[in-house]
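So the structure is just underneath, and the comments pick up after that.
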Amino acid sequence: MRIAFASSEVFPFAKVGGLGDVSGALPKALTSLGHDVKVFLPRYSAINEFGHHIEYVHQVGEMPVRVAGNTHTTRVFKTNLPDSAVEVYLIDCPHYYHRKDYKNTHLIYTSQGDEDERFIHFSKAVIETIQRLKWAPEILHVNDWPTAIIPLLLRDNYSWDRFFDKTATAITIHNIGYQGRFSKDTIYKAEIRPELFYQNSPIEVWGSFCFLKTGLMYSDVINTVSMTYAREITTSDYGEGLQGVLNYRINDFFGILNGVDYSVWNPDRDPMIPYRYTRDDLSGKTENKKYLLRYFHMPFHHGTPVIGMVSRLVGQKGFDIIADAVAELLQLPAQFVVLGSGEQKYEDLFELLHHKFPDKVGIWRGKNEELAHLIEAGSDMFLMPSLYEPCGLNQIYSLKYGTVPLVRRTGGLADTVMDWHEHFGAQDGTGFSFYDYTGPALVSTVKRAIETYHHRDAWHKLMLNGMAKDYSWEVSAKRYELMYHHAIAKRK
Ligand code: ADP
Ligand code: GLC
């Protein structure tokens, strides 16, 4: 199968969260199944191109792409996913993709006034690049709101091109909380027919033009990244207003759990951690813990667990209940290390705690790929009390690193972490979980975990159970393959 995969993040080039990890890994797994996959990504100034071989694609040449009435000359550059044959096409248009914030940090997403135009440009450029490559995909797979209007453009604006007649489309929802809602003017910028915009139309939500809804209505198939989240977002509690659309498309809607790229996340061969370790020899893990604490200028105590967090600092990730519970959490015999960036109020909260309790709370603000690996390797527990979590990757990484996850039972967290006490009989639990989104529920779970930590045999078993789990992409990539067949059958 020829598969075009469009994403606004692709690891290791551009990553904000899990979407980047998935887009850097799933295409490789599909290639291993024998498919011909090409990945498309904007050439952001945020990309560190050092160490990657990047070449100009002559076949595409100087390509005019029209957005909001202006024509932008667009070039395309080609590289590969590291250690693989998967080609990545970087859509180059400095006007849209060279962006910085006031601190001079390069941005992938912005809150600037032309955010809609940036991804309209990318969407059109993907289609036009494919035309120029004369490479007709059987599947065009888009991800989240930034690429969600591609299926509509393909069926409507570019329907004159018989070249795409056999191309079926798939959309993956990585997070329904981000929908790309813009004013009606945006449809003119994208040259979408105004007749398509009316109350409750396939592209309209509450008077705005909604990229994600457009994707859900025009794609042949839809999926999200865990079974539980797939069920959750068909309800008003989690659907963020799009539950009706998903119920309408229920026969074409799938839940497929994300996999993990164990060539990147594995304590056995992780080049980013100072001490490597395995299930059979965990001694390196303690060394990593000492190293991690030194990194944060915190003391090491035998018998005191370190609880790690690596997260976007946003409401989704459960920081409100952490804030509620903070006084009690700090009473507990544990240390906390946090790596994250996001909303100021959460950064300030941890900064304040660090100043008051420097031996108990460490915070590193910003993005830091290497530290993310060190926290996975050096912590005893990993905390992820998310309000909602489509899949969540860090808890799955944690399992492999013998770092016991403490999670709220929602979305992919519910599908990947088995509570130790609930599975006490079989002794096959892998972590601790709670359901109520409240501070007290969180505190009692952390307490349960700390108590269990002091039963060394039980804890050892917990670690080994998690490390034995296999969430590699092979299984999930086969599910995507089945979904693609469903999409192709529908097109016929
Ligand atoms: P989400 O996509 O909602 O952010 P996931 O758990 O799916 O959540 O994926 C998060 C990914 O982003 C993980 O690979 C995690 O290590 C990474 N990450 C999050 N915050 C940071 C940070 N501040 N520095 C480095 N990596 C981070
Ligand atoms: C999103 C979700 C996260 C998921 C990731 C990759 O950002 O918040 O739960 O793991 O996408 O699918």
Side-chain angles (χ1 to χ4, degrees), residues 5 7-12 14-26 46 105 108-109 141-146 171-179 212 223-230 232-233 238 240 255-262 264-265 270 272-273 308-319 337-343 346-347 350 362-377 379 382-401 403 405 407-408 410-417 471 473 476 480:
F5 191 93
S7 177
S8 52
E9 301 175 30
V10 178
F11 180 83
K15 161 171 161 179
V16 175
L19 171 61
D21 288 347
V22 171
S23 305
L26 172 58
T105 311
I108 291 177
Y109 305 113
H141 185 160
V142 305
N143 295 276
D144 276 352
W145 77 263
I171 183 165
T172 299
I173 305 169
H174 296 267
N175 194 332
I176 209 163
Y178 301 84
Q179 300 185 355
L212 187 59
N223 83 298
T224 188
V225 290
S226 69
M227 285 308 296
T228 296
Y229 193 61
E232 287 172 341
I233 57 179
Y238 290 90
E240 301 282 342
I256 305 178
L257 193 72
N258 284 333
V260 167
D261 187 343
Y262 287 124
V264 180
W265 294 96
D270 187 339
M272 292 198 215
I273 61 176
M309 292 190 80
V310 178
S311 185
R312 292 182 294 118
L313 299 178
V314 295
Q316 174 197 343
K317 299 295 179 179
F319 291 104
V337 294
V338 181
L339 162 62
S341 68
E343 288 176 32
Y346 300 127
E347 292 191 5
F350 286 109
I363 165 84
W364 205 100
R365 294 153 55 144
K367 297 293 283 180
N368 188 334
E369 196 70 32
E370 222 159 277
L371 183 56
H373 285 247
L374 178 63
I375 290 179
E376 286 292 2
S379 305
F382 195 91
L383 182 59
M384 241 172 130
S386 306
L387 173 61
Y388 71 90
E389 196 60 74
C391 176
L393 291 168
N394 276 305
Q395 84 282 11
I396 312 183
Y397 302 154
S398 299
L399 292 172
K400 189 49 87 195
Y401 283 76
T403 303
V407 304
R408 179 167 172 260
T410 182
L413 299 171
D415 293 353
T416 53
V417 177
Y471 287 100
W473 266 107
S476 298
Y480 274 96

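Just so you know, ligand 1 is whichever comes first in the structure, and atom 1 is the first atom listed for that ligand.
- Where the criterion is an N or O separation shorter than 3.5 Å, residue side chain and backbone included, C391 meets it with respect to ligand 2.
- When only non-hydrogen protein atoms are considered, atom 8 (O) of ligand 2 lies nearest to Q316 NE2, 3.1 Å.
- Listed by number with element, the atoms of ligand 2 under 4.0 angstrom from any heavy atom of G18 are 5 (C), 6 (C).
- Considering only non-hydrogen protein atoms, atom 2 (C) of ligand 2 sits nearest to H174 O, 3.1 Å.
- Numbered from 1 in the order shown, with element, the atoms of ligand 2 that lie under 4.0 Å from a heavy atom of N175 read 8 (O).
- For the 3.5 Å distance criterion, the side chains of S7 and N143 fail to qualify, holding no donor opposite an acceptor.
- Distances shorter than 4.0 angstrom do not occur between any heavy atom of H174 and any atom of ligand 1.
- When atom types are taken as modelled, the side chain of Y262 and the backbone of Y471 share a donor-acceptor pair closer than 3.5 angstrom.
- Side chain of E347 to backbone of G342: a donor-acceptor contact under 3.5 angstrom is found.
- Using a cutoff of 4.0 Å between basic side-chain nitrogens and carboxylate oxygens, E389 and K317 are scored as salt-bridged.
- Of all the atoms in ligand 2, the ones that sit under 4.0 Å from a non-hydrogen atom of P390 are 2 (C), 8 (O), 9 (O).
- Scanning the protein for heavy atoms near atom 4 (C) of ligand 2, the closest one is G392 N, 3.7 Å.
- Side chains of Y480 and N223: a donor on one and an acceptor on the other come within 3.5 Å.
- In this structure, atom 16 (O) of ligand 1 lies nearest to the protein heavy atom N394 OD1, 3.3 Å.
- For ligand 1, the polar-atom distance check against D21 finds a nitrogen or oxygen pair separated by under 3.5 Å.
- Applying the 4.0 Å criterion to heavy atoms of N258 picks out, from ligand 2, the atoms 6 (C), 10 (O), 12 (O).
- Of the protein's non-hydrogen atoms, the one nearest atom 9 (O) of ligand 2 is E389 OE2, 2.5 Å.
- At least one heavy atom of G366 sits less than 4.0 Å from an atom of ligand 1.
- Residue Q395 does not touch ligand 1, judged by heavy-atom distances below 4.0 Å.
- Per-residue contacts place V22 under 4.0 angstrom from the following atoms of ligand 2 (heavy atoms of the residue considered): 6 (C), 12 (O).
- The protein atom (non-hydrogen) at minimum distance from atom 6 (O) of ligand 1 is L393 N, 2.8 Å.
- Under 3.5 Å, the side chains of E9 and Y109 contain a donor-acceptor pair of N or O atoms.
- Taking all heavy atoms of G18, C391, S311 into account, the minimum distance to atom 20 (N) of ligand 1 is reached by S311.
- For the pair W265 and K400, the minimum side-chain heavy-atom distance is 4.5 Å or more.
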